[in-house]
Amino acid sequence: MIEVSGLLGLVLLILVIWAIVSTVQSSASTTAKVVWIVILVLLPLLGFILWLIFGPRSGR
């Protein structure tokens, strides 16, 4: 298991919060939003990488 702490942990936290906010603002379905948020909360590093590749795009 990869342990992230210190400054890298703070950066990861900020990126995950940004991903969650972007997911909520996207035009994806409610189910897709919930699934992405759960993935981001349970698997922050892997979830963020997956979100960057496959996640919903911003609704703007």
Side-chain angles (χ1 to χ4, degrees):
M1 184 60 104
I2 298 174
E3 181 177 337
V4 180
S5 60
L7 185 58
L8 289 177
L10 180 61
V11 170
L12 181 60
L13 176 64
I14 292 168
L15 290 174
V16 168
I17 290 172
W18 172 67
I20 290 172
V21 170
S22 294
T23 300
V24 169
Q25 293 176 347
S26 74
S27 60
S29 69
T30 304
T31 305
K33 290 179 183 182
V34 170
V35 169
W36 276 113
I37 291 171
V38 167
I39 290 171
L40 287 165
V41 169
L42 294 180
L43 303 167
L45 183 59
L46 180 61
F48 181 72
I49 293 168
L50 291 173
W51 178 82
L52 280 176
I53 298 169
F54 302 111
R57 300 295 171 231
S58 178
R60 296 180 193 176

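What you see is a predicted model, and the numbers here were worked out from it, not measured in a lab.
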Would you give me the side-chain donor-acceptor pairs under 3.5 Å for residues 9-16, sequence neighbours excluded?
none

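For residues 34-45, no residue pair satisfies the side chain to side chain donor-acceptor pair (under 3.5 Å) rule, not counting sequence neighbours.
Take Leu43 and apply the side chain to side chain contact (heavy atoms under 4.5 Å, CB included) test, not counting sequence neighbours, and it matches Leu46. Annotation: side chain to side chain contact (heavy atoms under 4.5 Å, CB included) contacts of Ala19 (sequence neighbours excluded): Leu40, Phe48, Trp51.
Val34 and Val21 are members of different hydrophobic clusters when ILVMFWY side chains are connected at heavy-atom separations under 4.5 Å. Under the 4.5 Å side-chain heavy-atom criterion for Ile, Leu, Val, Met, Phe, Trp and Tyr, Ile17 and Ile49 are members of distinct hydrophobic clusters.
In this structure, NZ on Lys33 lies 7.5 Å from OG on Ser27, to the nearest 0.5 angstrom.
Gly47 and Ile39 get closest at one heavy-atom pair: CA-CG2, 3.7 Å.
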